[in-house]
Amino acid sequence: MKISDHLRDRLPDYMTMLFTFAAIVLFMDAFHVNTGIIISTGILFWLGNALCEMREIMRRKSFYDTLTERLEGLDKKYLICEMTDEPDFFEGKLLCDILRETGASMCEENLKYRNAAAEFREFIEMWVHEIKLPLSSLQLMVHNTPCENSDKINEQLRRIDGCTDMVLYYARSENAQKDHMILKTSLKKAVTAAAVKNREDLLLRDIALCVRDLGFTVMTDSKWLEFIIGQLMANSIKFISQERSPEISIWAEELPDKIVLHFRDNGIGIPDGDLPRIFEKTFTGENGRSGCRSTGMGLYIVKSLCERLGHNIQVRSQVNLFTEFEIAFEKNDFYYA
Amino acid sequence: MNRIFIVEDDTAVCGELCRLLKSAGYETATPLSFERTVPEILACAPQLVLLDINLPIISGEMILCELRRKSDVPVIMVTAASGSDEVISLGCGADDYITKPYDPSVLLLRIAAVLRRAGKLPMCEKWRDLAVDTAKGSLTRENTEIILTKNEMLIFRQLLSKQGKIVTRDELMTALWDSDEFLGDNALTVNISRLRAKLAEAGYNDAVETRKKQGYILK
């Protein structure tokens with residue numbers, strides 16, 4: 001609160017006071033009151049007024065200054081009423097009551113949406129679980145009763161499965177629930193599991209998979225990591241180059257403070273202009289638009305899962321040469337304790 | 001013959017599972033009700049239990065815990081795609097887990113692996129008059145020894161486990177990839193020809209028969 005602002009605000013009052021005082025002086029003069037009395041009355045009048053005004057300014061200023069200062073420091077501004085001390089003047093009390101009431105209503109509203117989101121998420125999880133049943137039956141049926149279209153049907157089934165997984169992990173990446181379990185996980189196991197899951201798509205396109213130096217354990221959630229690697233594979237499969245025989249290399253290296261998993265393909269690459277944005281939601285970029293069907297969700301989900309797990313993911317690429325993802329698993333003693 | 005007890009409440013899935021396992025040479029059994037699953041499993045005395053985690057009345061985890069108090073029969077948990085069920089089920093004493101939807105080849109592989117680990121499948125196998133030594137990677141007869149590479153051994157074992165029946169290329173691929181041997185289609189063909197040549201050299205002609213578009217049979 002600036003004092004000058006306050007004074008400007010009070011200017012009409014001061015003017016009124018001045019006129020009143022002038023009227024009193026004129027009045028007293030008309031009744032031939034002693035000049036000395038007029039002067040002393042004047043001094044007393046203005047001194048008293050100034051004192052009142054100063055006290056008012058002081059307590060307002062201290063209250064509003066603390067309020068704005070705390071507001072600035074607050075991450076969630078709507079919680080300001082919790083941080084405010086009860087002021088000793090009427091207007092301040094009124095303001096506090098209003099703040100408290102709006103805060104409470106805001107919290108209620110917030111809770112309503114949070115509950116709705118949690119319910120929706122629960123429903124999605126249930127739905128994914130439910131849809132996996134007919135999917136399982138279909139997959140088994142195709143296997144048990146092969147027909148000439150078996151491979152094609154299987155491919156479509158895998159697509160459906162991939163899409164439902166995407167929904168599941170999207171729901172998870174958006175909600176801050178603790179449903180991952182960070183445990184010692186073998187990188188090799190996770191990569192093998194992802195490879196076995198995607199084997200048919202990789203084989204169909206004759207993609208060579210070169211896996212080496214994966215003998216590390218990292219602290220992560222194995223299922224999430226499998227999904228992440230699977231997504232990167234799906235991405236590479238989508239953007240293979242027609243000019244050379246496709247290849248995916250996966251390896252890890254140990255640095256003093258972290259273990260880095262490298263995932264590199266020799267596909268069409270990503271243009272420099274698109275590179276910084278590929279982890280953005282629904283960003284498809286040049287590659288996504290030209291020919292290949294792309295939702296722009298896969299890498300966004302990968303990024304948010306990595307963030308949630310505390311891994312750093314980065315990408316490097318050169319058009320028509322390669323795309324390389326690097327996931328860094330911090331060696332944190334805290335986890336191992 | 002190994003008997004597998006399937007606890008799965010979705011009838012369509014359950015039926016297909018039975019068909020899959022039967023065609024792979026297992027006997028199957030299912031519970032009559034989901035209220036007394038554990039006594040039923042015990043009465044059936046299977047060599048392996050395939051246990052779904054989401055069941056009506058009693059959850060799969062509860063069944064597993066109860067079962068573990070009375071029996072150490074190998075159990076493979078079937079978990080949903082969500083949550084950290086595996087950790088819990090492995091903690092409860094499951095031998096392995098598999099995620100829905102069932103990848104048939106992976107499922108069969110896991111079942112065979114768990115049975116082998118539990119000693120329900122013979123460790124030292126025989127094919128015709130040859131002794132199969134997986135650890136050494138060799139097939140031996142009195143004075144003949146056929147040395148197989150890791151890949152050839154994996155293929156041979158997979159064929160041997162279903163001797164006389166068709167093994168699909170996908171089943172072979174799954175077994176290889178699951179052992180971190182990420183072979184391409186051509187490499188698989190090459191490996192099979194090499195295996196065939198090695199067997200022929202030792203006097204076993206036409207041991208591996210090709211069924212076009214279906215797979216291979218070890219006779």
| request: Could you label the plane-to-plane angle of the B:Trp177 and B:Phe182 rings as parallel, tilted or perpendicular, counting under 30° as parallel and over 60° as perpendicular? | output: perpendicular
| query | Aromatic rings A:Tyr169 and A:Phe227: how do their planes relate, parallel, tilted or perpendicular, breaks at 30° and 60°? | reply |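 Geometry flag for A:Phe227 against A:Tyr169: parallel rings.
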| request: Answer with side chain, backbone, both or neither: which region of B:Glu8 has an atom nearer than 4.5 Å to a non-hydrogen atom of chain A? | output: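 Side chain only.
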| query | Where does B:Asp103 contact chain A at under 4.5 Å (heavy atoms): side chain, backbone, both or neither? | reply |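 It is both, since atoms from each part get that close.
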Which bit of [X] comes within less than 4.5 Å of chain B, counting heavy atoms only: side chain, backbone, both or neither?
| X | value |
| --- | --- |
| A:Asp161 | side chain |
| A:Thr145 | both |
| A:Leu202 | side chain |
| A:Ala208 | neither |

N-O pairing of [X] and [Y] below 4.0 Å:
| X | Y | result |
| --- | --- | --- |
| B:Asp95 | B:Arg117 | no |
| B:Lys100 | B:Asp52 | yes |
| A:Asp165 | A:Lys132 | yes |

| message | Shorter than 4.5 Å, heavy atoms on both sides: which option in B:Asp178, B:Asp185, B:Thr174, B:Leu176 has the most such pairs with chain A? | response |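 Heavy-atom pairs under 4.5 Å are most numerous for B:Thr174.
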| In terms of heavy-atom pairs under 4.5 Å with chain A, which of B:Asp170, B:Leu17, B:Asn186 leads? | B:Asp170
| task | Pick whichever of A:Val142, A:Asn144, A:Val196 has the most heavy-atom pairs under 4.5 Å with chain B. | result |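 Of A:Val142, A:Asn144, A:Val196, A:Asn144 has the most heavy-atom pairs under 4.5 Å with chain B.
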| field | Top of A:Gln139, A:Lys188, A:Arg199 for chain B proximity - count of heavy-atom pairs under 4.5 angstrom | value |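 Heavy-atom pairs under 4.5 Å are most numerous for A:Arg199.
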| task | Verify whether one side chain among B:Arg169 and B:Thr189 offers a donor that lies under 3.5 Å from an acceptor in the other. | result | yes
| query | Looking only at atom types and distance, does a side-chain atom of A:Asn266 sit under 3.5 Å from a main-chain N or O of A:Glu247, one as donor and one as acceptor? | reply | yes
